[in-house]
Amino acid sequence: MLRVALAEDAVLLRAGLVELLSRVGHEVTAAVGDAEELARAVAADRPDVVITDVRMPPGFRDEGLRAALELRRADPSLPVLVLSQYVATAYATQLLSGSPAAGGLGYLLKDRVGEVTDFLDALDRVASGQTVIDPEVVRVLLQQGTADKPLQRLTPREREVLAVMAEGLNNQAIAQRLTITEASVVKHASSIFMKLELDPAEGNRRVLAVLAHLRRQDPAA
């Protein structure tokens, strides 16, 4: 069971998330409609994980994202999962580059909520300290990096491994997704990091290193 603080201004979606989380055994400690209420709720009763929309009242710009960044600055170990209506790689960049990696971080499109199993898996992974990035965001980042010479050195299979790696999956999960052995994943990952001149780190450090490289190719970052 997780204790979840939720911030979403759309009443129906907020109610739906509360129902979903409660149905699978999680406790919703707060379900609010703006960033200020979220900050107060977390200060009053620290949850295990925060879920927040990017755009919320009063300006409907990036109030939820800024609230997430402030919460992380106050408590770097607080897991945060940010939901976005659109693919906005700049939001993902701001979240990942402006927040220490001590606690789990996630950036998902709201469409992912409809894929209940994937959404709940992402929530669990963020709560356990992992980094989770929506596969559509990764796909866009890879497309924007097609002119990058190091990326052009990767084989088609290495690009597949890189894409799944950037979502935050570990070697076992990558192997299952691509139907290859873990040994093959390790081999491909080593080649990827050599070709991209990245530190062959593990866990969140590996994800953040890959995303940092892709962000350098992102004109919106």
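Treat the numbers as computed from the prediction; the structure is a model and nothing was measured.
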K.L.:
Take Arg159 and Leu151, measure what side-chain contact (heavy atoms from CB on, under 4.5 Å) needs, and give me the verdict at the end.
P.N.:
CA-CA 8 Å; Arg159 287 178 64 84; Leu151 283 180; 3.9 Å; yes

K.L.:
Hey, are Arg139 and Asp134 close enough for a salt bridge, meaning a charged N less than 4.0 Å from a carboxylate O?
P.N.:
no

K.L.:
Rounded to the nearest 0.5 Å, how far does CD of Gln130 lie from CD of Glu167?
P.N.:
12.5 Å

K.L.:
Does Asp111 have any side-chain contact (heavy atoms from CB on, under 4.5 Å) partners at least two apart in sequence or in another chain, and if so, which?
P.N.:
none

K.L.:
Remaining members of Val186's ILVMFWY cluster at a side-chain heavy-atom cut-off under 4.5 Å?
P.N.:
none

K.L.:
For residues 186-196, which residue pairs qualify under salt bridge (charged side-chain N to carboxylate O under 4.0 Å, His left out), counting only residues two or more places apart or in two chains?
P.N.:
Glu158-Lys195

K.L.:
What residues form a side-chain contact (heavy atoms from CB on, under 4.5 Å) with Ala163, not counting sequence neighbours?
P.N.:
Val138, Leu142

K.L.:
Measure across Ala5 and Val42 and return the closest heavy-atom pair with its distance rounded to 0.1 Å.
P.N.:
CB-CG2, 4.3 Å

K.L.:
Would Leu71 and Met56 show up in the same hydrophobic cluster when neighbours are defined by side-chain heavy atoms closer than 4.5 Å?
P.N.:
no

K.L.:
Can you list the residues that meet the side-chain contact (heavy atoms from CB on, under 4.5 Å) rule with Gln172, with sequence neighbours excluded?
P.N.:
Asn170, Gln176, Glu182

K.L.:
If I compare all heavy atoms of Pro135 with all of Arg112, which pair ends up nearest, and what's the gap?
P.N.:
CG-NH2, 3.7 Å

K.L.:
Quick check against the 3.5 Å criterion: does Glu8 have a side-chain atom that pairs as donor or acceptor with the backbone of Ala10?
P.N.:
yes

K.L.:
Would you call Leu178 and Val164 a side-chain contact if the rule is heavy atoms closer than 4.5 Å?
P.N.:
yes

K.L.:
Not counting sequence neighbours, which residues clear salt bridge (charged side-chain N to carboxylate O under 4.0 Å, His left out) with Glu27? List them please.
P.N.:
Arg3

K.L.:
State, to 0.1 Å, how close Leu38 and Ala7 come at their nearest heavy-atom pair, and which atoms those are.
P.N.:
CD2-CB, 3.8 Å

K.L.:
side-chain contact (heavy atoms from CB on, under 4.5 Å), that's the test. Do Leu196 and Leu162 meet it? Break it down for me.
P.N.:
CA-CA 11 Å; Leu196 299 185; Leu162 176 67; 4.3 Å; yes

K.L.:
Just to verify, what does Arg125 make a salt bridge (charged side-chain N to carboxylate O under 4.0 Å, His left out) with, not counting sequence neighbours?
P.N.:
Asp121

K.L.:
If I take atom CG from residue Leu65 and atom OG from residue Ser84, how far apart are they, to the nearest 0.5 angstrom?
P.N.:
9.0 Å

K.L.:
Determine whether Val80 and Arg72 make a side-chain contact, defined as any pair of heavy atoms from C-beta on separated by less than 4.5 Å.
P.N.:
yes

K.L.:
Salt bridge check, Arg177 against Glu160: does any charged N sit closer than 4.0 Å to a carboxylate O?
P.N.:
no

K.L.:
Does Lys110 reach the side chain of Asp53, with side-chain heavy atoms less than 4.5 Å apart?
P.N.:
yes

K.L.:
Mind checking salt bridge (charged side-chain N to carboxylate O under 4.0 Å, His left out) for Asp75 and listing every partner two or more places apart, or none if nothing turns up?
P.N.:
Arg46

K.L.:
Would you mind listing the cluster partners of Leu120? Hydrophobic ones only (ILVMFWY), side-chain contacts under 4.5 Å, chaining allowed.
P.N.:
Leu2, Val4, Leu6, Leu13, Leu17, Val18, Leu20, Leu21, Val24, Val28, Val49, Ile51, Leu81, Leu83, Leu108, Val113, Val116, Phe119, Leu123, Val126, Val132

K.L.:
Establish whether Val161 and Ile133 are linked, either directly or via other cluster members, by ILVMFWY side-chain heavy-atom contacts under 4.5 Å.
P.N.:
yes

K.L.:
Got a sec, which residues hit salt bridge (charged side-chain N to carboxylate O under 4.0 Å, His left out) with Glu37, two or more places apart in sequence or on another chain?
P.N.:
none

K.L.:
Mind jotting down which residue pairs meet the side-chain hydrogen bond (donor to acceptor under 3.5 Å, both in side chains) criterion with at least one end in residues 56-70? Sequence neighbours excluded, please.
P.N.:
Asp62-Arg66, Glu70-Arg73

K.L.:
How far does CD1 of Ile174 sit from OG of Ser184, to the nearest 0.5 angstrom?
P.N.:
12.0 Å

K.L.:
For residues Pro57 and Gly33, report the shortest heavy-atom separation together with the two atoms involved.
P.N.:
CD-O, 3.3 Å

K.L.:
Taking the hydrophobic residues Ile, Leu, Val, Met, Phe, Trp and Tyr, and joining any pair whose side-chain heavy atoms are under 4.5 Å apart, which ones share a cluster with Met1?
P.N.:
none

K.L.:
Are the side chain of Arg157 and the backbone of His188 linked by a donor-acceptor contact shorter than 3.5 Å?
P.N.:
no

K.L.:
Do other residues, nucleotides or ligands put more than 12 heavy atoms under 6.0 Å from Glu36 CD?
P.N.:
no

